[in-house]
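Let me begin by presenting the structure, written as structure tokens, before commenting on it.
Heads up: numbering here begins at 1 and tracks the sequence.
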Amino acid sequence: MVTSRIRQVLIRAVERHCPPALAIHREDLVQMSLVRLLERPPREGSIPRGASYLWRVAYTVVIDEIRRFRRQQRQAEQLPRDEGGTPGPEARSELLDCLQALQDRRRTAVVLHLQGFRTAEVATALGWTEKQAENLVYRGLADLRACLEGGER
């Protein structure tokens, strides 16, 4: 009963904030909002929250998705027009070689990050603090970029 009311508030909030370009993803955004609510730290979960909090959660989920969507558009625009959108086997081989060159902890953090896990999820999965996971992902991605650009790090 309470869950259905929370869901209804999130649906209204997502519909209000979601741009037309992302309209087909509204249900996914509602689901991501519910997941964010469930992932709250235990001490924070005991504090009752009102509709305004739910609206804020939905708003941040929509904003994050808009940013991700725009980032993907920019990346697609930067691809050379003469090549296909998908890199060939040489690029995959180079990426795997560069991943193998990373330190173990950085490689693990980067692989999870590239698979779509958020920093908090990486930290929880590996028993690290969130700051450790954030640093390992950041430094691992920097090393990966440097390796792919040809300047071994």
Distance (rounded to the nearest 0.5 Å) between Arg26 CZ and Ile11 CD1: 11.5 Å
Verify same cluster id: Val62, Val9 (apolar side-chain graph, 4.5 Å): yes
Cluster check Val111, Leu126: I/L/V/M/F/W/Y, side chain < 4.5 angstrom: no
Any side-chain heavy-atom pair of Arg12 and Arg7 under 4.5 Å: no
Considering all heavy atoms, the nearest Ala133-Val122 contact: CB-CG1, 4.1 Å
Leu144 side chain reached by Leu95 side chain, heavy atoms, under 4.5 Å: yes
Any donor-acceptor N/O pair, Thr124 side chain to Glu121 backbone, under 3.5 Å: no
Heavy-atom check, side chain of Ile66 versus side chain of Cys18, under 4.5 Å: no
Test item: Ile6 and Leu34 side chains (from C-beta on) under 4.5 Å apart, heavy atoms: yes
ILVMFWY network linking Leu10 to Ile63, side-chain heavy atoms under 4.5 angstrom: yes
Inter-residue atom distance Leu29.CG - Met32.CE, 0.5 Å rounding: 4.5 Å
Validation row: Phe69, His25 side chains within 4.5 angstrom (heavy atoms): no
Distance in Å, His17 NE2 paired with Trp55 CH2, rounded so as to fall on 0.5 Å steps: 5.0 Å
Minimal non-hydrogen separation, Arg105 against Trp128, with atom names: O-CH2, 3.6 Å
Side-chain touch Gln100/Leu96, heavy atoms, less than 4.5 angstrom: no
Glu39 bridged to Arg36 by N-O distance under 4.0 Å: no
Min side-chain heavy-atom separation His113-Arg118 under 4.5 Å: no
Value rounded to 0.5 Å, distance of SG in Cys147 from CG in Leu102: 7.5 Å
Distance, nearest 0.5 Å, that separates CG of Leu136 from OG1 of Thr108: 9.0 Å
Ser33 OG to Glu65 CD distance, which is reported to the nearest 0.5 Å: 10.5 Å
Same apolar cluster: Leu112 and Val137, side chain cutoff 4.5 Å: no
Shared hydrophobic cluster for Phe117 and Val110 (ILVMFWY, side-chain gaps under 4.5 Å): no
Salt bridge flag under 4.0 Å for residues Glu134 and Lys131: yes
Among Gln103, Arg107, Arg106, the one residue meeting side chain to side chain donor-acceptor pair (under 3.5 Å) with Asp143: Arg106
Side-chain touch Leu37/Tyr53, heavy atoms, less than 4.5 angstrom: yes
